Amino acid sequence: MRRSLLFIPGNSPGMLQNAGIHQADALILDLEDAVAPAQKDAARALVRRALQALSYPGVEMIVRINPLGSGFTQADITAMVPLRPALLMPTKVSGPGDIQQVVAMVAQAEADSGLEQGSIGLLPLLETALGIENAYAIASCDPRVKAIFLGAEDLSADLQAHRTRGGEEIRYARGRVVVAARAAGIEAYDTPFTDVDDEEGLLQDAALARALGFSGKAAISPRHIEAINAAFSPSPEEISYAREVMAAIAEGQEQGRGAVSLRGKMIDKPIVDRARRVLDQARALGLGGDL
Amino acid sequence: MNIVSQAVAGTLESNDVLVQVGPSPGGIQLEVDSIVLNQFEDQIRQAVLDTARELGVQSARIALNDRGALECTIKARVETALRRAGEVSP
């Protein structure tokens, strides 16, 4: 489960060594935008040595790699694959052809490292207008693609739109990414909320992302993790309602009733499926006592 | 790997180490300055020598200004500086 994904600059030793303490479900070690072009080699060596030496218990490791055409992609993949990160995040992905190129490099690196083919999954970052338009093709083009990720800052620039607190300019992109991911049977993750000091804005942004169907949200500040984790965890009310739904269904089945209602509303399959998901998630998070 | 030029890696930020590397007439000439020199000088020197050996570097002048870097950071910065200053032997 990835409710929160925290970006950590790949060339910052202090942030790398403390990255495991922030309660993020996943860390995205960044070799791309957070690293100056002249320091790409240094960041690659630092992330590699850190992943070999440090332990981050219970935290999933993702590495954001440089885009095709940057001249750094191959070196990033060659250095990172042997470390077996859970996922690599290819950047500025605009179509399935980009994924196929990355997949070929990852497959070769797996073979060179003696890893089983398919060990390393991909989390493409969609941050161009073309990438958003091709979201489903990207999400469904290869079994390595485990989720897709919306990057709003670069996307807004590509759209010639202004980033706003409410995110009106990325409303279409958010919907498109979620629909594409769900249609492909994978997860979708939302862009970070970049105003580190605007807690109310963060809460609204995270609540909106969850309501739209995103599975989690990225953060650029450790201070955002607690709020994001809370926003993407089932609330006590949701858990309580899900239990009532499952109890009503069980009672209906015992009594041989075809249709079951709860609080005056018919309980149909989507409601049961949602209740199951809520209870599964609560169980995985250790919430709600004995489930 | 032969060290043929001067190169630098790392920073003077907390938890980092600034590594300066250059050619040496023979052997590894190592200078270490660190905020934790009294406690960790031996470990820091060992990390540098291990990294040089790993890269096949037999001669180099290596100077460290350490701001409390972990061993993995020291090794990463030394590796980066040596690669930047080196050329692979034919």
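Letters A, B, ... mirror the listed sequences (proteins, then strands); counts begin at 1. Everything numeric in this text was worked out from a predicted model, so none of it was measured.
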*Asks:* What part of Arg44(A) lies closer than 4.5 angstrom to a heavy atom of chain B: side chain, backbone, both or neither?
*Replies:*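 No part of it gets close to chain B.
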*Asks:* Side chain, backbone, both or neither: which part of Arg67(B) has an atom under 4.5 Å from a heavy atom of chain A?
*Replies:*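 Contact with chain A involves no heavy atom of Arg67(B) at all.
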*Asks:* Does the side chain to side chain contact (heavy atoms under 4.5 Å, CB included) test come out yes or no for Thr191(A) and Ile170(A), once each step is laid out?
*Replies:* CA-CA 10 Å; Thr191(A) 192; Ile170(A) 57 166; 4.1 Å; yes
*Asks:* Does any heavy atom of chain B fall under 4.5 Å from the side chain of Gln39(A), the backbone, both, or neither of them?
*Replies:*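 Answer is both: backbone and side chain atoms of Gln39(A) are under 4.5 Å from chain B.
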*Asks:* With a 4.5 angstrom heavy-atom cut-off, which part of Leu54(A) approaches chain B: side chain, backbone, both or neither?
*Replies:*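 It is the side chain, since no backbone atom gets that close.
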*Asks:* Checking side chain to side chain contact (heavy atoms under 4.5 Å, CB included) for the pair Asp16(B)/Leu18(B): CA distance, chi angles, key distance, verdict?
*Replies:* CA-CA 7 Å; Asp16(B) 206 345; Leu18(B) 186 71; over 6 Å; no
*Asks:* To the nearest 0.5 Å, tell me how far Asn65(B) CG sits from Thr11(B) OG1.
*Replies:*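 It comes to 10.0 Å.
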*Asks:* Report yes or no: do Thr128(A) and Ser94(A) form a side-chain donor-acceptor pair below 3.5 Å?
*Replies:*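 Indeed, the side chains of Thr128(A) and Ser94(A) share at least one donor-acceptor pair under 3.5 Å.
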